[in-house]
Amino acid sequence: MTFRPALAAAAMLACACHAAYAADFDRRLNEANAGPFWQHGNLVVNTAVASAVAGALWLGAEDRLGRTLWQSSEAWAVSAAVTEVLKVAAGRVRPTETQDPGKWFAGGRSFPSGHTTAAASVVTPLILEYKDDHPMVWLLAAIPAYEMVSRVKTHSHWQSDVIAGAAIGAATGYLEHQRGPWVVKALPRGVYVGFRKAF
C-alpha cells in the first residue's frame with residue numbers, strides 16, 4: 001500500500017508529540033556524553049544538503065539520479081518551511097537554555113529539530129528510489145541517525161525534537177518521491193537540463 005510510509009511517519013510524529021509531554025522521556029544529557037565525534041552535526045547535514053542541491057543542478061532532471069536529487073532538494077526546502085512554522089508555533093526552549101523540557105510557548109526554537117528534518121528529507125527520496133537496485137543505499141539512513149544523536153548530545157535539542165524532525169523529514173521525502181519534483185514538473189515539458197550538458 002502506497003501510504004504506509006506516510007502513515008508510519010505520521011505515527012512517529014504523533015509519538016514524538018506525545019513523548020514531549022510525557023514525564024521523564026525528554027532529559028538533558030550529562031555534559032560528559034558529548035564527545036568530539038558528535039560535534040560535527042552542522043557539517044554533516046550542510047554537506048548532505050549542498051551535495052543534493054549541487055547534484056540536482058549539475059545533472060538536471062533528465063536522468064534518474066538527477067531527478068531523485070531534485071526530489072531530495074525540494075523535500076529539504078519544503079520540510080525547512082514546515083519546521084520553521086512549527087518552531088515559531090511551539091516556542092520550545094532548548095536544553096542549552098533550561099533543564100526543564102516542559103518549557104513550551106516561551107519563544108524558543110527547539111521543536112522540531114531542523115537539522116534532523118533536513119537530513120531525513122534529503123536521504124529519503126534516494127533510499128526509496130534505489131533500495132531495490134542498490135540495497136547499500138540504506139546506509140544513508142546513518143546521516144539522520146547521526147544528526148539525532150548529535151543534536152541531543154550537544155544539548156541543541158530534546159529527544160522528542162529529533163524524533164519529530166525525523167518524522168517530518170521522512171514524510172516530506174516520501175511525498176516528494178511519490179509526486180515530485182514539482183519545480184521540474186512546472187517547467188515546459190517537465191524537463192530541466194543540468195549544467196553538465198550546458199558546458
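Under the 4.5 Å side-chain heavy-atom criterion for grouping Ile, Leu, Val, Met, Phe, Trp and Tyr, Phe111 is connected to Phe105 within one hydrophobic cluster. Grouping the Ile, Leu, Val, Met, Phe, Trp and Tyr side chains by contacts below 4.5 angstrom, directly or via other members, places Trp138 with Leu65.
The side-chain heavy atoms of Ser113 and Met148, taken from C-beta on, include no pair separated by under 4.5 Å. A heavy-atom distance below 4.5 Å is found between the side chains of Val44 and Glu147. Contact of the Leu59 side chain with the Leu69 side chain is registered, since non-hydrogen atoms from C-beta on lie closer than 4.5 Å. Contact check for Val123 versus Ser72: no side-chain heavy atoms found under the 4.5 Å cut-off. Using a 4.5 Å heavy-atom threshold, the side chains of Pro112 and Lys87 count as touching. Pro95 is listed as a side-chain neighbour of Ser110, based on a closest heavy-atom distance under 4.5 Å.
Here Leu140 contributes atom CG and Tyr130 contributes atom OH; the two are 11.0 Å apart, rounded to the nearest 0.5 Å. One finds the OG1 atom of Thr68 at 9.5 Å from the CG atom of Leu128 (value rounded to the nearest 0.5 Å). Rounded to the nearest 0.5 Å, atoms CD (Gln159) and CZ (Arg151) are 13.5 Å apart. To the nearest 0.5 Å, atom CD of residue Glu97 and atom NZ of residue Lys103 are 9.5 Å apart. Distance check: Asp161 CG to Leu86 CG gives 11.0 Å after rounding to the nearest 0.5 Å. In this structure, NE2 on His177 lies 11.0 Å from CD1 on Ile127, to the nearest 0.5 angstrom.
Judged by distance alone, with hydrogens and angles left aside, the side-chain atoms of Arg94 form no donor-acceptor pair with the main-chain N or O of Gly108 at under 3.5 Å. The main-chain N or O of Pro125 is never found under 3.5 Å from a side-chain atom of Glu176 such that the two would form a donor-acceptor pair. At distances below 3.5 Å, at least one donor-acceptor pair connects side-chain atoms of Ser79 with backbone N or O atoms of Trp76. The backbone N or O of Gly165 sits less than 3.5 Å from a side-chain atom of Thr117, completing a donor-acceptor pair. Under a 3.5 Å cut-off, the side chain of Glu74 and the backbone N or O of Gln71 do not form any donor-acceptor pair. Here the side chain of Tyr146 pairs no donor or acceptor atom with the backbone of Val45 at under 3.5 angstrom. Between the side chain of Ser121 and the backbone N or O of Gly169 there is no donor-acceptor pair closer than 3.5 Å. In this structure, the side chain of Trp70 engages the main chain of Ala56 through a donor-acceptor pair within 3.5 Å.
Of all heavy-atom pairs spanning Val122 and Ala48, the tightest one is CG1-O, 3.9 Å. Minimum interatomic distance between Val82 and Ile168 (heavy atoms only, all atoms of both residues): CG1-CG2, 4.2 Å. Taking every heavy atom of both residues into account, Thr154 and Ser150 meet most closely at OG1-O, 2.8 Å. Between Ala75 and Thr172, the shortest heavy-atom contact is O-CG2, 3.3 Å. Shown here for Ala166 and Thr116, the closest heavy-atom pair between the two residues is N-CG2, 3.6 Å.
Other members of the cluster containing Trp158 do not exist, because no ILVMFWY side chain is joined to it at under 4.5 Å.
Side-chain atoms of Asp26 and Ser160 include a donor-acceptor pair closer than 3.5 Å.
Counting only residues at least two apart or in different chains, salt bridge (Lys or Arg N to Asp or Glu O under 4.0 Å) contacts with residues 123-134 comprise Arg64-Glu129, Arg64-Asp133.
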task = Evaluate salt bridge (Lys or Arg N to Asp or Glu O under 4.0 Å) for Arg109 paired with Glu84, printing each intermediate quantity in order.
result = CA-CA 9 Å; Arg109 296 179 53 81; Glu84 187 62 28; 2.8 Å; yes
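Remark: of the listed residues Asn46, Asn42, Thr83, Asn42 is the sole one forming a side-chain hydrogen bond (donor to acceptor under 3.5 Å, both in side chains) with His115.
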